[in-house]
Amino acid sequence: MNKNQISILLPTFNCSCKELVNSLQQQCADRVEYEIIVADDGSTEKRWIEENKVIGSLPHVSYLVRHENVGRAAIRNFLARQAHYPWLLFIDGDISLDNPHFIQNYLQSRGEVVVGGLTIGGDPQQWGNNLRYRYEKACEEAHNAENRQTKAHQEFRTTNFLIHRDILLQHPFDEQFRYYGYEDVLLGKELQNSGITIQHINNPVLLDDYENNTLFLEKTEEALRTLYTFRQQLSGYSTLLRHVKRLERLKMLPLVNFSYKMTAKGIKRQLQGNNPKVFLFTIYKLMYFVHLIKQQKT
């Protein structure tokens, strides 16, 4: 299917996307009919809105400012409705682009839903003690294109993907997902249930800037609360849910919850420090989720 008309859609929140927009423009020029639509989802730091305003004057670029944060699902549905072209390329606004063949690779791709993936960059001297950097580096190989394709729908992520507009309008993101996390996982499940295939390719964008350890932990906890809220809908699509079910069958949830109460503060201090351990981060996520379960039952 010819992919020569593309709407590139960038949701942003408290970040600059000027360099990303410039890189995309350069790759699209004289190669494809395109538009770039950037939507700020109610940024709380107004300096980013001011900094991004310049992109609205660039050719083929629209910059839309939303004064209310509607969440990751709703802002993507909004962008899809604003688009004029049949192919939608979604990229997170806080991402970088160091892939000179990025647009061309998507133009040559096959399939109605194509996921490009993510490269973990950044100077190890600068980011070596950053929890998210360590975690993403540890997971990077497991998320290469070949491995992603083996679980194509479970590995669907919104960071960098191309989709036909008709498909997304027929299967929009669930806007009940107001808070961080898992709206993409549920869409992957919806696409699988509808018989729509997903093609994973090696066409990454670059993640090279990371939030501090405390903020990353806060976002992780928010995502786990989202997972708990939508645990029934996400059943079968979360490794953590599978581990929790196994612990439940073994009647170990009370022990895990007790361990959380005894160790959570100490583990969080370690993860917020300058030598965070990825394996402790994994354990903390499991214990935190079990604690959510036990909280709701008391």
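Distance check, rounded to the nearest 0.5 Å: CD1 of I95 to OG of S23 gives 12.5 Å. Here the straight-line distance linking atom CD of Q26 with atom CG of L97 works out to 9.5 Å at 0.5 Å rounding. Note that OG1 of T226 is 12.0 Å distant from NZ of K219, once rounded to the nearest 0.5 Å. Taking NE2 of H101 as the reference point, atom CG of L107 lies at 13.0 Å (rounded to 0.5 Å). For the atom pair NZ of K3 and CD of E112, the computed distance is 8.0 Å after rounding to the nearest 0.5 Å. Note that CG of L215 and CD of Q272 are 11.0 Å apart. Values are rounded to the nearest 0.5 Å.
In terms of heavy atoms, D174 sits closest to L186 at OD2-CD2, 3.8 Å. P11 and I91 get closest at one heavy-atom pair: CD-O, 3.4 Å. Scanning both residues, C17 and L10, for their nearest heavy atoms gives CB-CD2, 4.4 Å. In plain terms, the two heavy atoms of D208 and W127 that are nearest each other are O-NE1, 3.6 Å. Taking all atoms of both residues into account, the shortest heavy-atom contact from L227 to S238 is CD2-OG, 3.8 Å. Scanning all heavy atoms of the two residues, the minimum distance from L89 to N160 falls at CD1-OD1, 4.3 Å.
Proximity of a side-chain donor or acceptor of S235 to a complementary backbone N or O of R231 within less than 3.5 Å is not detected. Looking at Q149, its side chain never comes within 3.5 Å of a backbone N or O of Q199 through a donor-acceptor pair.
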Passes side-chain contact (heavy atoms from CB on, under 4.5 Å), S16 versus N52? Steps please.
CA-CA 6 Å; S16 172; N52 285 326; 3.8 Å; yes

Taking it one step at a time, do L58 and N22 satisfy side-chain contact (heavy atoms from CB on, under 4.5 Å)?
CA-CA 9 Å; L58 299 175; N22 287 332; 3.7 Å; yes

Run the numbers on N275 and R134 for side chain to side chain donor-acceptor pair (under 3.5 Å), then give the verdict.
CA-CA 10 Å; N275 188 26; R134 290 188 176 191; 2.9 Å; yes

What's the verdict on side-chain contact (heavy atoms from CB on, under 4.5 Å) for T159 and L207, showing C-alpha distance, side-chain angles and the deciding distance?
CA-CA 10 Å; T159 305; L207 177 62; over 6 Å; no

Hey, mind stepping through D94 and T12 against side-chain contact (heavy atoms from CB on, under 4.5 Å) and telling me if it holds?
CA-CA 7 Å; D94 58 353; T12 67; over 6 Å; no

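Side-chain atoms of N129 and N274 form no donor-acceptor pair, as typed in the model, at a separation below 3.5 Å. Counting only N and O atoms by type, the side chains of D40 and S43 include a donor and acceptor under 3.5 Å apart. Checking K268 against T214 by side-chain atom types alone, no donor-acceptor pair falls below 3.5 Å. E51 and W48 are not linked by any side-chain donor-acceptor pair at a separation below 3.5 angstrom, with hydrogens and angles left out of the test. In this structure, a donor-acceptor pair under 3.5 Å is present between the side chains of N99 and N203. Between the side chains of E141 and N144, at least one donor N or O lies within less than 3.5 Å of an accepting N or O. Side-chain contact annotation: E175 with N77, donor-acceptor N/O pair under 3.5 Å present. Checked by atom type, the side-chain pair E35/Y85 shows no donor-acceptor distance below 3.5 Å. Between the side chains of T44 and N14, at least one donor-acceptor pair of N or O atoms lies under 3.5 Å.
Salt bridge E140/K137: present, at least one basic N to carboxylate O contact under 4.0 Å. Comment: E50 does not engage R47 in a salt bridge, judged by the lack of any side-chain N to carboxylate O separation of less than 4.0 angstrom.
Within the structure, the salt bridge (charged side-chain N to carboxylate O under 4.0 Å, His left out) test picks out the following pairs touching residues 73-86 (sequence neighbours left out): R76-D92. Sorted by first and then second residue, the salt bridge (charged side-chain N to carboxylate O under 4.0 Å, His left out) pairs involving residues 178-197 (not counting sequence neighbours) are R72-E183.
F13 and L20 fall into different hydrophobic clusters, where Ile, Leu, Val, Met, Phe, Trp and Tyr are joined by side-chain heavy atoms under 4.5 Å apart, directly or via other members. Transitive grouping of hydrophobic side chains (ILVMFWY, heavy atoms separated by less than 4.5 Å) brings L131 and F289 into a common cluster. Hydrophobic cluster membership differs between V21 and L206, with clusters built from Ile, Leu, Val, Met, Phe, Trp and Tyr side chains linked at under 4.5 angstrom. Y179 and L241 fall into different hydrophobic clusters, where Ile, Leu, Val, Met, Phe, Trp and Tyr are joined by side-chain heavy atoms under 4.5 Å apart, directly or via other members.
Between E211 and R132 the shortest side-chain heavy-atom distance falls below 4.5 Å. Under the 4.5 Å side-chain criterion, counting only non-hydrogen atoms from C-beta, I8 is in contact with I103. A heavy-atom distance below 4.5 Å is found between the side chains of I36 and Q25. Using a 4.5 Å heavy-atom cutoff, the side chains of F281 and I267 are not in contact. E221 places a side-chain heavy atom less than 4.5 Å from the side chain of Y288. For the pair H67/V65, a side-chain contact is recorded, criterion being any heavy-atom separation below 4.5 Å from C-beta on. Two residues are said to be in side-chain contact when any heavy atoms from C-beta on lie closer than 4.5 Å; S7 and R165 fail this criterion. Between V205 and T119, every side-chain heavy-atom pair lies at or beyond the 4.5 Å cut-off.
Residue Y180 qualifies as enclosed at atom OH: its count of foreign heavy atoms under 6.0 Å is above 12.
Applying the side-chain hydrogen bond (donor to acceptor under 3.5 Å, both in side chains) test between H143 and each of E155, R157, R148, H200 identifies E155 as the sole match.
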Would you give me the side-chain donor-acceptor pairs under 3.5 Å for residues 250-265, sequence neighbours excluded?
unit_1: N257; atom_1: OD1; unit_2: H291; atom_2: ND1; d: 2.8
unit_1: S259; atom_1: OG; unit_2: L255; atom_2: O; d: 3.0
unit_1: T263; atom_1: OG1; unit_2: S259; atom_2: O; d: 2.6

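When hydrophobic side chains of Ile, Leu, Val, Met, Phe, Trp and Tyr are connected at separations under 4.5 Å, F173 ends up clustered with L9, I37, L64, V70, I75, F78, L79, L88, F90, V113, V115, F156, F161, I163, I167, L168, L187, L191, I196, I198.
Remark: F102 engages Y106 in a ring-ring contact (aromatic ring centres under 6.0 Å, His included) (not counting sequence neighbours). Qualifying ring-ring contact (aromatic ring centres under 6.0 Å, His included) partners for F230, counting only residues two or more places apart in sequence or in other chains: F177.
Aromatic pair Y210/F216: centroids not less than 6.0 angstrom apart.
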